Amino acid sequence: RDSHPFEQIFRYSNDAILVVDPEAGEITRANERATEMLGYGREELLSLAPADIHPHDYEEFRQFASTVYEEGASWTSELSCYTCDDEVIPAEISGTLVEIDGERRLLASIRDISTRIEQQRRLRRLSRAVEATTDGIALFERDGTVAYANHAFAAGLGYDDPETLRGRRWRSLYDDGDGGFFRYAAGRDWSNPEREKLLIDNAALIRAFATGYLYTGDESLLAPVTHT
C-alpha cells in the first residue's frame with residue numbers, strides 16, 4: 001500500500017518529479033523518471049541542490065518557485081536542466097505548492113521537450129523550403145477549400161498573396177468543361193473567373209495536384225491531372 005499521498009504520482013508519472021525545499025536549497029524527493037532523465041542515482045540526486053540542476057538560470061528558477069509559493073501553482077517552458085553529463089535538456093515545468101509532513105514544498109513535474117523542439121526546428125526548415133521552391137504546393141481541407149498555399153501555387157493562379165486563396169475552393173477556378181485553371185477571378189469570392197488559361201501555370205498546377213494525389217490517394221485531385 002502507498003504510504004504517501006503522492007506515491008502513485010511518483011511511481012507512475014511519465015514526467016520527472018522532484019519535491020524541492022527552495023528555502024533550504026534541497027531536493028527532498030525524486031521519482032525514478034527523474035533519475036533516468038538527469039542521469040543520477042537516487043541518493044546522488046537527493047544530495048544535490050536545485051542550483052546544481054539549473055546552474056545557468058537559477059535566478060529564473062527562484063522566481064518560478066516564488067510564484068508557486070505565492071499563487072499555489074505555476075508553469076514555465078523557460079527553464080532547462082543540466083544532466084550529470086552536462087547535457088542541457090530543454091524542459092517544460094509545472095510547479096504546485098504541496099504540504100508534506102506539515103511542511104510546504106514545491107512539487108515540480110518536469111517534461112523533456114527536446115524532441116518537440118527538434119520537430120519544431122525541422123518544421124521551420126521544411127516551411128522555408130516549401131516557400132522557396134518554384135513548385136506550387138497547397139494543402140486542402142476535405143471539402144476542397146485551400147488550407148495553405150505557397151507563393152508558387154498562388155502565382156500559378158494569378159495571385160501575389162497566398163493568403164488570398166485561404167478558405168477558397170480550388171474548383172472555383174477550374175474549368176470542368178474543357179479542363180484547366182483560369183488565370184484569376186474578378187470577384188474576391190472567386191466569382192467571374194477570367195477565361196484566360198496560361199500553359200506554364202497549368203503545367204505547374206497539374207504537377208502539384210498529381211503530387212497531392214500520390215501522397216494522399218484523394219481521387220478528387222485527379223480531375224485537373226486527367227482532364228487538363
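The structure displayed is predicted, hence computed values, not measured ones. We count residues from 1, following the sequence as given.
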If you compare all heavy atoms of [X] against all heavy atoms of [Y], which two are closest, and at what distance to 0.1 Å?
X    : Y    : result
A49  : G25  : CB-O, 3.2 Å
L165 : A149 : CD1-CB, 3.8 Å
M37  : I110 : CE-CG2, 3.6 Å
S80  : V88  : OG-CG1, 3.5 Å
P162 : A154 : CA-CB, 3.8 Å
T28  : V20  : OG1-N, 4.4 Å

All pairs passing ring pair (Phe, Tyr, Trp, His ring centres under 6.0 Å) where [range] contributes a residue, at least two apart:
range            : answer
residues 104-135 : none
residues 20-54   : H54-F61
residues 72-98   : H56-Y82

List the residues meeting side chain to side chain contact (heavy atoms under 4.5 Å, CB included) with [X], not counting sequence neighbours, and say none if there are none.
X    : result
A132 : none
N150 : V130, E131, T133, I137, Y148, A152, F153
E163 : D161, R166

Contacts table for residues 117-129: side-chain donor-acceptor under 3.5 angstrom, sequence neighbours left out:
unit_1	atom_1	unit_2	atom_2	d
E118	OE2	R122	NE	3.3

Per the side-chain hydrogen bond (donor to acceptor under 3.5 Å, both in side chains) rule, what does the pair list look like for residues 62-71, sequence neighbours excluded? S66-E70
Main chain of E60, side chain of D57: is a donor-acceptor contact present, judged purely on distance under 3.5 Å? no
Looking at D15 and S109, would you say the former's side chain and the latter's main chain have a donor-acceptor pair under 3.5 Å? no
Distance check, rounded to the nearest 0.5 Å: [X] atom [atom1] versus [Y] atom [atom2]?
X    : Y    : atom1 : atom2 : value
I17  : R111 : CD1   : CZ    : 10.5 Å
I89  : I53  : CD1   : CD1   : 9.5 Å
L38  : E44  : CG    : CD    : 10.5 Å
E103 : D101 : CD    : CG    : 8.0 Å

D52: salt bridge (charged side-chain N to carboxylate O under 4.0 Å, His left out) partners, not counting sequence neighbours: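 Applying salt bridge (charged side-chain N to carboxylate O under 4.0 Å, His left out) to D52 gives none.
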Can you confirm whether [X] sits close enough to [Y] that some side-chain heavy atom of one is under 4.5 Å from a side-chain heavy atom of the other?
X    : Y    : answer
I100 : V19  : yes
L18  : L45  : yes
V98  : R104 : no

Assigning hydrophobic clusters by single linkage (Ile, Leu, Val, Met, Phe, Trp, Tyr; side-chain heavy-atom cutoff under 4.5 Å), is L106 placed with I27? yes
Do any pairs count as a salt bridge (Lys or Arg N to Asp or Glu O under 4.0 Å) and have a residue in residues 78-98, sequence neighbours left out, and if so which ones?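 Every salt bridge (Lys or Arg N to Asp or Glu O under 4.0 Å) pair that includes a residue of residues 78-98, provided the two are not neighbours, is E92-R116.
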Please identify each residue that fulfils side chain to side chain donor-acceptor pair (under 3.5 Å) with R33, with sequence neighbours left out.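 Counting only residues at least two positions away or on another chain, R33 forms no side chain to side chain donor-acceptor pair (under 3.5 Å).
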Which residues satisfy the side chain to side chain donor-acceptor pair (under 3.5 Å) test with D112, sequence neighbours excluded? S114
